Amino acid sequence: MKIRARFAPSPTGYLHVGNARTAILNWLFAKHGGGQFVLRVEDTDVERSAKEFEQAIYKDLRWLGLNWDEGPDVGGAFGPYRQSERLEIYHKYAHRLLEEGKAFHCYCTQEEIEVRNKAALARGGQPKYDGHCLHLTNEQKQAYLDEGRRPVIRFHVPEETIQFQDLVKGEIVFEGENISDFVILRSDGAATYNFAVVIDDALMKISHVIRGDDHLSNTPKQVLLFERLGFDVPVFVHIPMILGSDRSKLSKRHGITAIRLYREKGYLPEALVNYLSLLSWSSESGEEILPLGRLIKEFDFTRMSKSAAIFDREKLNWMNNRYIRTAALERIVELSIPFLEKAGFRVSDRDYLTQVIDTVRGNVDYLEQIPEHAKIFFQKEVSIESDEAKEMLALDSSKQVCRAFLEELGPVETLSPEVFKQIMKSIQKKTGVKGKFLWMPVRIALTGRMHGPELPRVVEILGKEKCESFIKETLGKQL
RNA sequence: GUCCCCAUCGUCUAGUGGCCCAGGACUCGGGAUUUUCGAUCCCGCAACAGGGGUUCGACUCCCCUUGGGGACGCCA
């Protein structure tokens, strides 16, 4: 079977982590099987849909590297790919169901239905459509029309057992009697989600419907529609959802969920793709850092778990750090520049910048953290950041060390790590100070901090001049 | 309330009847590399929800309970 997978977002908001994962798995599955990946925009809800969200979703998908073979912006043989442009198609099929007696006009208002549902609930019954308009005479229909009511079209759910195979969940069975007759065409003529997906998936020849398992309970309705419309039923793949730390549906209160915010914080797309792929799925190798090529090669649904996974920012951070440290240095430099500029650092010296980024990139979870680590290489003067550091520096031995360091620095031409280590050795001999009490004062005097990259490396990047002036400066302040 | 799905360390997971008194990863704690943090390496803490079956033998199969999630819209 030719594989055609699809991602069908509704442009009612930014792409978030859950949707992105669905898109990634669809894309991975399509690539793995040498098939097509289709993008379809589900904008039947005019109220909530917005063009800017559609564009934003494109941007995020592209950033993640999920290119599509067919879609609203690139076209394709099964278009249009925007549901708002497919209205006539939905009408055509809705009327066919109407003519065949599989659907009916319903004149009930939402308020009336709500009242009846509540009453049914109070009686201990089910809140499902009660068939009020199922057998209306033409006179009754006309009367409603004269009242000014605009009908919807409802699909009549037969009382039969609905069964389908899900690639990850296995065999699923629903009873038609538990499913309410549902609206397929709204009073304004727009198709509802359950109807539009079926028509589109069928007409677009989608072979695998891969989506979050929150859609599992919609599936029997869709299966029914596929069958009554005479379409082939696609293979369903309901992937477990991503939950927040409290095990409820992932939302804003669980932290940042919009993909664009991850981009803006300096996460790498490949890290996000890798991490998200590993939620409810694992490589047979047991390895976790899986570059895109391996993901495509290894991904399928046989190793997909059935249970939901919790989104863990800590682990994402770890993985992003792994990618940041192994990515091409030039790329990381390039991506870091906006953050550094925002922090007010001069980044014109590309060589210097590259050295700085090279030594600090291993310490960040995401690029937004680069400036705070890089600060020590851009500051004009040193300010001691903590009381602990001030105390350390106030020690007599520290002053001795700093003075000795300044003396040693004098004749030096280029301050390489090796030269620096030599200097430290002779300071130790001269002053008798060693270990922590030898190294820490130098670090603090030079950077203002007790933490940072390897000191020999720091010194090398800073260069003799800056080291000299920083030491003099702190010496002047302290003594 | 009804229907559907799910159930291994705090988290992501391996495990498809014996290889498991359960393995890896993140986090956390400890140690090492004779400066801190970090990085790296090593070590450690930590789980099969409960109860019944089936079986010579269950984390693995079945049932029940409990717990969690999702869906019951003229949202998707």
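Residue numbers begin at 1 in each chain, while the letters A, B, ... track the order of the sequences. This one's a predicted model, so the numbers in the text were calculated from it and none came from an experiment.
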Enquirer: Heavy atoms under 4.0 Å, any strand shown: does A:G452 hit a base, just sugar-phosphate, or nothing?
Expert: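 Touches a base.
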
Enquirer: May I ask you to say what A:E42 touches in the nucleic acid, namely base, sugar-phosphate or nothing, with a heavy-atom cut-off under 4.0 Å?
Expert: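 Sugar-phosphate, backbone atoms only, no base.
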
Enquirer: Is A:V152 touching bases, backbone alone, or none of the nucleic acid, heavy atoms closer than 4.0 Å?
Expert: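 Base, at least one base atom sits under 4.0 Å.
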
Enquirer: Given that both distances must come in under 3.5 Å, which nucleotide forms a Watson-Crick or G-U wobble pair with B:C20?
Expert: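 Looking at the geometry, B:C20 pairs with no nucleotide.
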
Enquirer: Which is true for A:Q126 with a 4.0 Å heavy-atom rule: it touches a base, it touches only sugar-phosphate, or it touches nothing?
Expert: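 Touches a base.
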
Enquirer: Pick base, sugar-phosphate or nothing for A:I179, based on heavy-atom distances below 4.0 Å to the nucleic acid.
Expert: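 Answer is nothing: A:I179 stays at 4.0 Å or more from every strand.
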
Enquirer: So which nucleotide from B:A76, B:C37, B:C74 ends up closest to the side chain of A:V183?
Expert: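 Selected nucleotide (nearest to the side chain): B:C74.
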
Enquirer: What is the nucleic acid contact for A:K128, judged by heavy atoms within less than 4.0 Å: base, sugar-phosphate only, or nothing?
Expert: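 The residue A:K128 makes no contact with any strand.
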
Enquirer: Check whether the side chain of A:N218 and the base of B:A76 form a donor-acceptor pair under 3.5 Å.
Expert: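 Side chain to base: pair present.
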
Enquirer: Do the side-chain N or O atoms of A:T44 get closer than 4.0 angstrom to the phosphate oxygens (OP1, OP2) of B:A76?
Expert: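 So the side chain of A:T44 is within the cut-off, an N or O lying under 4.0 Å from OP1 or OP2 of B:A76.
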
Enquirer: Does the side chain of A:R154 get closer than 4.0 angstrom to OP1 or OP2 of B:C74 through an N or O atom?
Expert: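 Checking B:C74 against A:R154, a side-chain N or O does come within under 4.0 Å of OP1 or OP2.
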
Enquirer: Is any NZ, NE, NH1 or NH2 atom of the basic residue among A:E385 and A:K390 found under 4.0 Å from an Asp or Glu carboxylate oxygen of the other?
Expert: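 No, A:E385 and A:K390 are not salt-bridged.
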
Enquirer: Could you give the distance separating B:U11 and B:U27 at their P atoms, to the nearest angstrom?
Expert: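 It comes out at 16 Å once rounded to the nearest Å.
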
Enquirer: Using a 4.0 Å heavy-atom cut-off across all strands, classify A:R449 as base, sugar-phosphate, or nothing.
Expert: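 Since no nucleic acid heavy atom lies under 4.0 Å of A:R449, the category is nothing.
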
Enquirer: Taking atom types as modelled, is there a side-chain donor on A:H373 or A:N363 under 3.5 Å from an acceptor on the other?
Expert: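 No, no side-chain donor-acceptor pair sits under 3.5 Å.
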
Enquirer: My understanding is that a pair needs two contacts under 3.5 Å, Watson-Crick or G-U wobble. By that rule, which nucleotide pairs with B:U2?
Expert: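 Its partner is B:A71 (Watson-Crick or G-U wobble, both distances under 3.5 Å).
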
Enquirer: Measuring from the side chain of A:K315 (C-beta onward, heavy atoms only), which nucleotide among B:U36, B:C5, B:C12 has the closest atom?
Expert: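 My answer, after comparing the listed nucleotides, is B:C12.
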
Enquirer: The side chain of A:N178 lies closest to which of these nucleotides: B:G38, B:U2, B:C5?
Expert: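 Ranking B:G38, B:U2, B:C5 by closest atom to the A:N178 side chain puts B:U2 first.
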
Enquirer: Taking only side-chain N and O atoms of A:R149, does any of them lie within less than 4.0 angstrom of OP1 or OP2 on B:C74?
Expert: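 No, because none of the side-chain N or O atoms of A:R149 sits under 4.0 Å from OP1 or OP2 of B:C74.
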
Enquirer: Please give the nucleotide sitting opposite B:C41 as a Watson-Crick or G-U wobble pair, both distances under 3.5 Å, or none.
Expert: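 The answer is B:G31, by the H-bond criterion.
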
Enquirer: Let's go through A:D246 and A:H254 carefully: what are the C-alpha distance in whole Å and the side-chain angles of both, what is the deciding distance for side-chain contact (heavy atoms from CB on, under 4.5 Å) to 0.1 Å, and is it a yes or a no?
Expert: CA-CA 8 Å; A:D246 60 356; A:H254 295 111; 2.7 Å; yes

Enquirer: Take atom OH of A:Y129 and atom P of B:U2, then tell me their distance rounded to the nearest Å.
Expert: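 Distance, rounded to whole Å: 25 Å.
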
Enquirer: Among the nucleotides B:A76, B:C26, B:C74, which one has an atom lying closest to any side-chain atom of A:E314?
Expert: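 Nearest to the side-chain atoms of A:E314, counting from C-beta on, is B:C26.
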
Enquirer: Within the 4.0 Å heavy-atom criterion, would you say A:L278 contacts the bases, only the backbone, or no part of the nucleic acid?
Expert: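 Since only primed, P, OP1 and OP2 atoms lie under 4.0 Å of A:L278, the category is sugar-phosphate.
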
Enquirer: Reckon A:R313 touches a base, only the sugar-phosphate, or nothing at all at heavy-atom distances under 4.0 Å?
Expert: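 Nothing, no nucleic acid heavy atom in range.
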
Enquirer: Please determine whether a side-chain nitrogen or oxygen atom of A:R322 lies at a distance below 4.0 Å from atom OP1 or OP2 of B:U40.
Expert: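 Yes, such a contact exists.
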
Enquirer: Whether the side chain of A:K306 and the base of B:A7 hold a donor-acceptor pair under 3.5 Å is what I'd like checked.
Expert: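 No.
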
Enquirer: Mark yes or no: A:R149 above the aromatic ring of A:Y107, with NZ or CZ under 6.0 Å from the six-membered ring centre and no more than 45 degrees from the axis.
Expert: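 Here A:R149 fails the 6.0 Å and 45° test against A:Y107.
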
Enquirer: Answer with base, sugar-phosphate or nothing: what part of the nucleic acid does A:V197 contact at a heavy-atom distance below 4.0 Å?
Expert: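 Nothing, no nucleic acid heavy atom in range.
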
Enquirer: B:C45 and B:A25: how far apart are their C1' atoms, nearest whole angstrom?
Expert: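 My reading of the C1' atoms in B:C45 and B:A25 gives 16 Å.
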
Enquirer: Can A:E288 and A:S283 be counted as having a side-chain donor-acceptor contact under 3.5 angstrom?
Expert: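 No.
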
Enquirer: Of all the choices, B:A76, B:G15, B:U11, which nucleotide is nearest to the side chain of A:H215 once you look at every atom?
Expert: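 Ranking B:A76, B:G15, B:U11 by closest atom to the A:H215 side chain puts B:A76 first.
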
Enquirer: Heavy atoms only, 4.0 Å cut-off, all strands: where does A:R211 land among base, sugar-phosphate and nothing?
Expert: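 Nothing, no nucleic acid heavy atom in range.
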
Enquirer: Indicate whether OP1 or OP2 belonging to B:A14 is found under 4.0 Å from a side-chain N or O atom of A:S282.
Expert: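 Checking A:S282 against B:A14: at least one side-chain N or O falls below 4.0 Å of OP1 or OP2.
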
Enquirer: From B:A76, B:C26, B:U40, pick the nucleotide closest to the side chain of A:R325?
Expert: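 Side chain of A:R325 sits closest to B:U40.
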
Enquirer: Taking 4.0 Å as the cut-off, does a side-chain nitrogen or oxygen of A:S307 come that near to OP1 or OP2 on B:G69?
Expert: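 For A:S307, the contact criterion (side-chain N or O under 4.0 Å from OP1 or OP2 of B:G69) is not met.
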
Enquirer: Select base, sugar-phosphate, or nothing to describe what A:M424 touches, counting heavy atoms under 4.0 Å on all strands.
Expert: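 Touches nothing.
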
Enquirer: Do A:F236 and A:I210 have side chains that get closer than 4.5 Å, going by heavy atoms?
Expert: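 The answer is no; the side chains never approach within 4.5 Å.
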
Enquirer: Between A:R303 and A:W281, is there a donor-acceptor pair closer than 3.5 Å when you use the side chain of the first and the backbone of the second?
Expert: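 Not at all, since once roles are kept as given, no pair shorter than 3.5 Å links the two residues.
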
Enquirer: Looking at B:C74, does its base get a donor-acceptor pair with the side chain of A:S187 below 3.5 Å?
Expert: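 Such a pair exists between side chain and base.
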
Enquirer: Taking any heavy-atom pair under 4.0 Å as a contact, classify A:P456: base, sugar-phosphate, or nothing.
Expert: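 The residue A:P456 makes base contact.
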
Enquirer: For B:A25, give its Watson-Crick or G-U wobble partner with both distances under 3.5 Å, or none.
Expert: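 In the structure as shown, B:A25 has B:U11 as its Watson-Crick or wobble partner.
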
